[in-house]
Amino acid sequence: MNSFSFQNPTKIVFGSGTVSQLGKLAKPYGKSILLVYGSGSIKKTGLYDEVMNQLNAIEAKVVELSGIEPNPRLTSVNRGIELCRSEKVDLVLAVGGGSVLDAAKAIAAGALYDGDVWDFFIHKAVIRDALPLGTILTLSATGSEMNGNAVISNWETKQKRAFGSMHAYPRFSILDPTLTFTVPRDQTVNGVVDIMSHVFEQYFTLTPNAPLQERLCESILLTVIENAESALEKPNDYDARANLMLCGTMALNGGLISVGTDNDWASHGIEHEISAIYDIPHGAGLSIVFPNWMKYVYRERIDRFTQYAERVWGIERGSKSDEELALAGIEATCAFFDRIGAPAALAYYNIGREHLDTMAKEAVLFGPIGSFKQLREADVREILEMAL
Ligand SMILES: NC(=O)c1ccc[n+]([C@@H]2O[C@H](COP(=O)([O-])OP(=O)(O)OC[C@H]3O[C@@H](n4cnc5c(N)ncnc54)[C@H](O)[C@@H]3O)[C@@H](O)[C@H]2O)c1
């Protein structure tokens, strides 16, 4: 295990009815609040009214920024930054899925920066401060509710880039699983794949002697697999939704489950290049990329993959060779994705070879990606080719 330091400053308030604590949680940060949300589904579900009642009760001045897109765009972030400055906002409050939360993080950081917020995403500047951020999560997937990451798309340059900063962690996040009852089937599936992918990025590591981290990863994968189908069959199954929500938060919790180990993140890098051009859902892109990444890299340290097959999928070794066992685990992953209806190939979105070269080049713009196996442009091109 490597040496490490770990800190997570986000307060989590978890459970049914916890939106009723919003006023109390928001009050210490000041009166002027920027409420950030998406296409307006929170108005249909009644969540918007609940939020406004809480904010009115603490006599907050609420400024609204709606219309945050899935795969949130830089243009929306810039609108939010202008509002923060003109309305002297004290607290940014995000209500939605990962896209809304990520946009709110970029707004909170950009509002206190003199230059272009995109600088943070292209390694031109480092975040030194941010406005306080609170979140109410409505979709289990990204872990954005308890980490300092944000992913934003720049449609002018056709780039999707991420930042990570201690300053961008939410001060508080309200996690009420009942708010996810209305998440449609396809988005629930995308969330399940996203959560599992976050674990894969940390589980497939070359770092030896990290048995607790390995078991933390395996327990999240097992819990997601056990609960995904119940949530899909019965969208109002509180226990299934609650378990998925907690898994999402733990899976990408500032690195909690993988402290002291090297992480990979190549598959996320590759997926970002696909959705930067084709605007497909992140989770769907990952269900296409990850099994192909696995097939490309498993020989690097085959015991990680045989352990995965045995412990996560319960596949017995019997007379199987390492190679056969590892591949059986990868096949079990594909079969599960298929069973829940996650796409397996780029063809699902009519994506052909047109932009594979660009995607491969952009993925390694800042150098090789991944640590389980370092991938260069030709490797990424090959994985994309396998994903067609
Ligand atoms: N910050 C991070 O650590 C991190 C990690 C992984 C991915 N991401 C990024 O997060 C984004 C994806 O976020 P996401 O997967 O949470 O999805 P999302 O926020 O894009 O939402 C997907 C869709 O679900 C809808 N939705 C959300 N909650 C709903 C509800 N309760 N009922 C009905 N509809 C609802 C949204 O309106 C949207 O149309 C991508 O841009 C991805 O790159 C961020």
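Numbering of ligands and ligand atoms starts at 1, following listing order.
Listed by atom number, the atoms of ligand 1 under 4.0 Å from Leu252 heavy atoms are 3 (O), 5 (C). Here is the list of ligand 1 atoms found below 4.0 Å of a heavy atom in Leu179: 31 (N). For ligand 1 and His198, the ligand atoms under 4.0 Å from any heavy atom of the residue are 5 (C), 6 (C). Proximity to Pro184 (heavy-atom distance under 4.0 Å) selects the following atoms of ligand 1: 33 (C), 34 (N). Close contacts between ligand 1 and Pro72 involve ligand atoms 41 (O) [criterion: under 4.0 Å to a heavy atom]. Atoms of ligand 1 found under 4.0 Å from any heavy atom of Thr182, numbered from 1 in the order shown, are 30 (C), 31 (N), 32 (N), 33 (C).
Look at Arg381 and Glu385 and you find a salt bridge, because one of the NZ, NE, NH1 or NH2 atoms lies within 4.0 Å of a carboxylate O, short of that distance. Between Lys361 and Glu273, none of the side-chain N atoms (NZ, or NE/NH1/NH2) sits under 4.0 Å from a carboxylate O, so this pair counts as no salt bridge.
For Phe290 and Trp293, the ring centers are positioned less than 6.0 Å apart.
When only non-hydrogen protein atoms are considered, atom 10 (O) of ligand 1 lies nearest to Thr142 CG2, 3.4 Å. Of all protein heavy atoms, the one lying nearest to atom 38 (C) of ligand 1 is Pro70 CG, 4.0 Å. Atom 3 (O) of ligand 1 has its closest protein heavy atom at Asn147 ND2, 3.0 Å.
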Atom pairs and distances, side-chain donor-acceptor, residues 340-349, under 3.5 Å, sequence neighbours left out:
none

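Selection from Asn71, Thr45, Leu139 by nearest heavy atom to atom 27 (C) of ligand 1 gives Leu139. Closest heavy-atom approach to atom 14 (P) of ligand 1 within the set Ser39, Ala276, Gly143, Gly98: this belongs to Gly98.
Looking at Lys160 next to ligand 1, an N or O pair under 3.5 Å apart turns up. Here's the thing with Asp194: none of its N/O atoms is less than 3.5 angstrom from an N/O atom of ligand 1. Ligand 1 has an N or O atom lying under 3.5 Å from an N or O atom of Asp102, backbone or side chain. Annotation: Thr138 places an N or O atom under 3.5 Å from an N or O atom of ligand 1; distance criterion only. Checked against a 3.5 angstrom limit, the closest N/O atoms of Ser99 and ligand 1 fall inside it.
The side chain to side chain donor-acceptor pair (under 3.5 Å) check on Ser258 picks up Gln202, Asn263, with sequence neighbours excluded.
When side chains are defined from C-beta on, Val95 does not count as touching Val36, because their heavy atoms never get closer than 4.5 Å. Residues Met146 and Ser173 form no side-chain contact, since every pair of their non-hydrogen atoms from C-beta on lies 4.5 Å or further apart.
With a heavy-atom cut-off of 4.0 Å, Leu101 does not touch ligand 1 at all.
Using a 4.0 Å threshold on non-hydrogen atoms, atom 36 (C) of ligand 1 does not count as touching the protein.
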